[in-house]
Engineer: 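One structure is given below, represented as structure tokens, and several questions about it will come after.
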Amino acid sequence: MELPAIHQTQTHPSTLVPPPTQQEPHLQQYISLLLRTCRTQKQIKQLHASAVKTHQMPSISSSLLSLYSNSNPQIGSLEYARSVFDRIQEPTSHSWNTIIKCYVENHRSHDAILLFCQLLFQQPRLSPDNFTFPCIIKGCARLQAVKEGEQVHGLILKTRFGSDLYVQGSLVGFYSKCGQVVSARKVFERMPERDLVSWNSMMDGYVKSGQVEAARELFEEMPQRDLFSWTVMIDGYSKCGMIEAARQYFDRMPVRNVVSWNAMIDGYMKCGDCVLAKHLFDEMPERNIVTWSSMVTGYEYNHRFMDALEIFEEMLKAGLVPNGAALVGALSAVSGLGLLDKGRWIHSYMRSNGIKIEGVVGTSLIDMYSKCGSIENALEVFRAIPRRSHVGLVNEGRRYFEMMRSEYGITPTAEHYGCLVDLLCRAGHLEEAKDVIEKMPMKSNEIIWMSLLSGCRSHGNVEIGEYAARRAIELAPDATGCYVLLSNIYAAAGQWDNVSLLRGMMKERGLRKDPGCSSVEHGGMVHSFVVGDRSHPQAEDIYSKLNEIRERLKCAGYIPDTRQVLLYVEDKEKEVELAHHSERLAIAFGLINIEPGKTIRVVKNLRVCNDCHLVTKLLSDIYDREIIVRDNSRYHHFRNGSCSCKDYW
DNA sequence: TTAGGGTTAG
């Protein structure tokens, strides 16, 4: 849309506020009128710019806020909505409700709750109303935040909005979604009048908690049924495996929409009837993105990998851009077949269509490359994934820390500073972390310096690492941990002279690094191993198992990560050192002795090294074994080639 | 005067 030129008002040079001119009312009406015709975000932004330029913002900001809050991403934008909201001098209840809803719709319910608290505690002239409560209750439901939702419920009972039909209905929905059917039913029973939505929410609560008969009773009881009620029943009977009953509802319902067809298709897929699912898919009058994704994931679920890929390609040919669900389904199908080229093709499709490689989709891509035998590509994807999600959380962390003081008047303790430093270190903000420690009002302890030191180890920062180690050693000269971490940093940077210096220093001070030791329980005994251990009665078998492991890892394309080996030795020797780490011995022992299908559980006294972590992931896949390693800081649950810590530890 | 709660894939 080309906008006609707007005459700019004359601005008085000495003041920021323009003097009133005759043009203004016209200009305001003109912009307001044009806003109503906006169909794209670009058009809204153009008018927004004009309004800023001509000082018309105060009069149109609430219309702009509503437009930017539109749930259609072609029109709405959370960031712009927030920016408009923040510049409204005195936001009305309506503005607050709009922005809170916008956050909930954009899956940012935590922020919605924060805003709700601000409205509650910092706006003496305003308070939540019958429009605010349904929004915030929905946010709590999205987060499965039962406690918070119950608190809001308590608040509602203290206001006059407890009798509002929408507020009551939203509470039924909240308790239903959180699996609290008894509470949902209590609210439902106390409603003086019930509309369709409340009946449907209540039924859905029963369905989601597996009580399909209770849902059916309500369905029979309810005064009138629309589309939603029927679809809830189809979904309910499908989910509990009663596919014929689901089909009866589908056949009996007076009007169907795409959602009811989708629910029925998914039902057939989940009970393994791909033929009937495909039949419905071919018959249906209208399909949406969920229809296609359900087909792809449904075929994949039934191990019909080729069919999954065919329907996925058909979806692309139909001009649809696949969403996360469809991509994950297609990539899993590729993994199932081991079709590396097909996987690469999907990857390049994603790149050329600007689909962000992050989150679950990123993990699926890594998983696909690993399962197709290309560890290099898997690593490439892994390294290329922007850790923005972490960046976002770092920002949130900083903000919450700040809010403790500024908004809640809580003085942070040493533990709070410790958390902030840990957060910053993990994300690589080492300078900032150092700054936080130095500026904290209380005396720093060795623990907080150690956390900076370990951040420096993960991010390979020698300079700050040395500084942190010095401070930690000053405070706790006998703690071996910081010497070890610092020598890890030196070793990774190839500064072997410093490694020897540090070793000398430790010797001088009579400090010894705890040797890595891993144990496995078997046959009522604990079997312990240290690095290179040959003392176990089954040593011979264990070492031949390690040889076999080495071969199988090589076939899987594994390249040893020798950065954390402390010894000043050639690369080949480093690999041998790695291959005999105590946890490898323990796992080899487990593979020999613990019967197939049973989990191998290892306990290690030190932190598991990067290379052993990667190897254990691969082994869990190669040998199809669940392996659980408890190191000195956390549990690592390895299964199907990945670890529960998502490589972040 | 405007706005709010319910169904399908992962």
Side-chain angles (χ1 to χ4, degrees), chain A residues 32 36 62-63 65-67 69-70 92-102 104-105 128-142 161 164-177 184 187-188 191 194-205 207-208 215 222 225-236 238-239 246 249-250 253 256-270 277 280 284 287-301 315 322-332 359-361 363-364:
Chain A
S32 300
R36 277 183 228 161
S62 49
S63 319
L65 176 63
S66 298
L67 279 170
S69 298
N70 196 305
T92 59
S93 287
H94 181 247
S95 313
W96 279 92
N97 295 340
T98 308
I99 192 71
I100 289 174
K101 178 179 185 242
C102 191
V104 173
E105 295 298 316
D129 60 20
N130 52 324
F131 290 100
T132 330
F133 287 123
C135 290
I136 202 65
I137 284 291
K138 187 179 180 179
C140 293
R142 283 255 168 97
F161 303 113
D164 185 283
L165 183 65
Y166 281 79
V167 173
Q168 292 171 339
S170 71
L171 284 167
V172 175
F174 159 73
Y175 284 118
S176 288
K177 282 216 166 60
V187 179
F188 182 75
M191 289 175 77
R194 299 167 190 140
D195 61 2
L196 258 175
V197 178
S198 335
W199 283 91
N200 290 336
S201 299
M202 194 58 239
M203 272 168 52
D204 193 48
V207 160
K208 293 289 185 303
M222 62 196 295
R225 304 166 189 128
D226 70 354
L227 258 165
F228 281 69
S229 325
W230 291 90
T231 310
V232 169
M233 291 314 294
I234 294 171
D235 183 47
S238 295
K239 291 252 159 53
Y249 280 90
F250 181 77
M253 68 192 292
R256 302 179 193 108
N257 68 357
V258 66
V259 181
S260 24
W261 285 85
N262 290 347
M264 199 62 234
I265 286 178
D266 186 57
Y268 280 125
M269 282 299 194
K270 290 287 148 62
L280 285 185
M284 66 198 291
R287 298 173 190 138
N288 66 9
I289 188 88
V290 178
T291 320
W292 289 93
S293 329
S294 303
M295 289 302 289
V296 176
T297 54
Y299 277 129
E300 197 275 330
Y301 177 84
M315 170 181 186
N323 57 10
L327 284 165
V328 170
L331 287 167
S332 306
V360 184
V361 174
T363 313
S364 298

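Every chain is numbered from 1 and lettered A, B, ... according to where its sequence line falls, protein lines coming before strand lines. Basis for what follows: all heavy atoms, side chains included, without hydrogens, waters or symmetry-related copies. Predicted model only: the values in this text are computed from it and were never measured.
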Engineer: Just to be sure I understand the rule, does A:S293 reach a base, reach only the sugar-phosphate, or reach nothing, if contact means heavy atoms closer than 4.0 Å?
Structural biologist: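 Base contact.
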Engineer: Starting at atom CD1 of A:I265, determine the distance to atom C1' of B:dT8, rounded to an integer number of angstrom.
Structural biologist: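 One finds 10 Å between C1' of B:dT8 and CD1 of A:I265, rounded.
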Engineer: If you check the A:S198 side chain, which of B:dA3, B:dG5, B:dG4 turns out closest?
Structural biologist: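 Among B:dA3, B:dG5, B:dG4, the one nearest the side chain of A:S198 is B:dG5.
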Engineer: Output the single nucleotide from B:dG5, B:dA9, B:dT7 whose closest atom is nearest the side chain of A:N257.
Structural biologist: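 When the side chain of A:N257 is considered, B:dT7 is the closest of B:dG5, B:dA9, B:dT7.
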Engineer: The side chain of A:V167 is closest to which nucleotide in this list: B:dT8, B:dG4, B:dA3?
Structural biologist: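 Between B:dT8, B:dG4, B:dA3, the one nearest the side chain of A:V167 would be B:dG4.
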Engineer: CZ of A:R287 versus C1' of B:dT8: gap in Å, rounded?
Structural biologist: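 In whole Å, B:dT8 C1' and A:R287 CZ are 16 Å from each other.
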Engineer: Send over the distance from A:L171 CG to B:dG6 P, rounded to a whole Å.
Structural biologist: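 To the nearest whole Å, that distance equals 12 Å.
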Engineer: Once you round it to whole Å, what is the distance between C1' of B:dT2 and CG of A:L67?
Structural biologist: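 Checked: the CG to C1' distance equals 12 Å.
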Engineer: Report the distance from atom CD1 of A:I100 to atom P of B:dG4, rounded to the nearest whole Å.
Structural biologist: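 My rounded result for the distance is 13 Å.
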Engineer: Among B:dG4, B:dT8, B:dG6, find the nucleotide with the atom closest to the side chain of A:F228.
Structural biologist: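 Nearest to the side chain of A:F228 among the choices is B:dG6.
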Engineer: Between B:dT7, B:dG4, B:dG5, spot the one nearest the side chain of A:F131, thanks.
Structural biologist: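 Looking only at heavy atoms from C-beta outward on A:F131, the closest nucleotide is B:dG4.
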Engineer: Under 4.0 Å, heavy atoms only, any strand: does A:N97 hit a base, just the sugar-phosphate, or nothing?
Structural biologist: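 Answer is base: heavy atoms of A:N97 come under 4.0 Å of a base.
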Engineer: Expressed as a whole number of angstroms, how long is the span from A:M269:CE to B:dA9:P?
Structural biologist: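 Whole-Å distance recorded here is 13 Å.
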Engineer: Are A:W261 and A:F250 near enough that their ring centres are under 6.0 Å apart?
Structural biologist: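 Distance test on ring centres: under 6.0 Å, yes.
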Engineer: Between A:D204 and A:S201, is any side-chain donor less than 3.5 angstrom from a side-chain acceptor?
Structural biologist: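 Checked: A:D204/A:S201 side chains show no N/O donor-acceptor pair below 3.5 Å.
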Engineer: Does B:dT8 have OP1 or OP2 under 4.0 Å away from a side-chain N or O of A:K208?
Structural biologist: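 Looking at the OP1 and OP2 atoms of B:dT8, one of them is under 4.0 Å from a side-chain N or O of A:K208.
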Engineer: Report the nucleotide, chosen from B:dT8, B:dG6, B:dG4, that has the shortest atom-to-atom distance to any side-chain atom of A:P134.
Structural biologist: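 Of B:dT8, B:dG6, B:dG4, B:dG4 is nearest to the side chain of A:P134.
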Engineer: Take A:T132 and A:D129 through the side chain to side chain donor-acceptor pair (under 3.5 Å) test and state the conclusion after the steps.
Structural biologist: CA-CA 5 Å; A:T132 330; A:D129 60 20; 2.8 Å; yes
Engineer: Quiz question: going by heavy-atom distance under 3.5 Å, is there a donor-acceptor pair between the base of B:dG4 and the side chain of A:D129?
Structural biologist: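 Donor-acceptor pair under 3.5 Å: no.
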Engineer: Can you say whether a donor on the side chain of A:D195 sits under 3.5 Å from an acceptor on the base of B:dG5, or the other way round?
Structural biologist: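 Indeed there is one.
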Engineer: With a non-hydrogen cut-off below 4.0 angstrom, is A:T98 in contact with a base, only sugar-phosphate, or nothing?
Structural biologist: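 Since no nucleic acid heavy atom lies under 4.0 Å of A:T98, the category is nothing.
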Engineer: Counting only side-chain N and O atoms of A:K177, is one of them less than 4.0 Å from OP1 or OP2 of B:dG6?
Structural biologist: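 For A:K177, the contact criterion (side-chain N or O under 4.0 Å from OP1 or OP2 of B:dG6) is met.
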Engineer: Closest to the A:N262 side chain: B:dG4, B:dT2, B:dT8?
Structural biologist: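 Closest of the options to the side chain of A:N262: B:dT8.
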Engineer: Examine distances only and state if a side-chain atom of A:D266 and a backbone atom of A:M269 form a donor-acceptor pair shorter than 3.5 Å.
Structural biologist: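 No: the side chain of A:D266 does not pair with the backbone of A:M269.
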Engineer: Check every atom of B:dT8, B:dG4, B:dG6 against the side chain of A:N200 and return the nucleotide holding the closest atom.
Structural biologist: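 Out of B:dT8, B:dG4, B:dG6, the nucleotide with an atom closest to A:N200's side chain is B:dG6.
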Engineer: Parallel under 30°, tilted from 30 to 60°, perpendicular over 60°: which one fits the rings of A:F161 and A:F133?
Structural biologist: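 The rings of A:F161 and A:F133 sit tilted, inter-plane angle from 30° to 60°.
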Engineer: Compare the minimum distances between each of B:dT8, B:dG5, B:dT7 and the side chain of A:T231, then state the nucleotide with the smallest one.
Structural biologist: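 Taking heavy atoms from C-beta onward, the closest nucleotide is B:dT7.
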Engineer: Applying side-chain contact (heavy atoms from CB on, under 4.5 Å) to A:V290 and A:V259, what does each step give before you reach the verdict?
Structural biologist: CA-CA 8 Å; A:V290 178; A:V259 181; over 6 Å; no
Engineer: Distance check: side-chain N/O of A:K270 vs OP1/OP2 of B:dT8, anything under 4.0 Å?
Structural biologist: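 Answer is no, no contact under 4.0 Å.
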Engineer: Would you state whether a donor and an acceptor, one from the side chain of A:N323 and one from the base of B:dG10, lie under 3.5 Å apart?
Structural biologist: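 Between B:dG10 and A:N323, which were checked side chain against base, a qualifying N/O pair under 3.5 Å is absent.
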Engineer: Using atom CZ of A:F174 as one end and atom C1' of B:dG4 as the other, report the distance to the nearest whole Å.
Structural biologist: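 In whole Å, B:dG4 C1' and A:F174 CZ are 17 Å from each other.
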Engineer: Quickly work out the A:F133 CZ to B:dG5 C1' distance and round it to whole Å.
Structural biologist: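 Atom-to-atom, A:F133 to B:dG5, this comes out as 14 Å.
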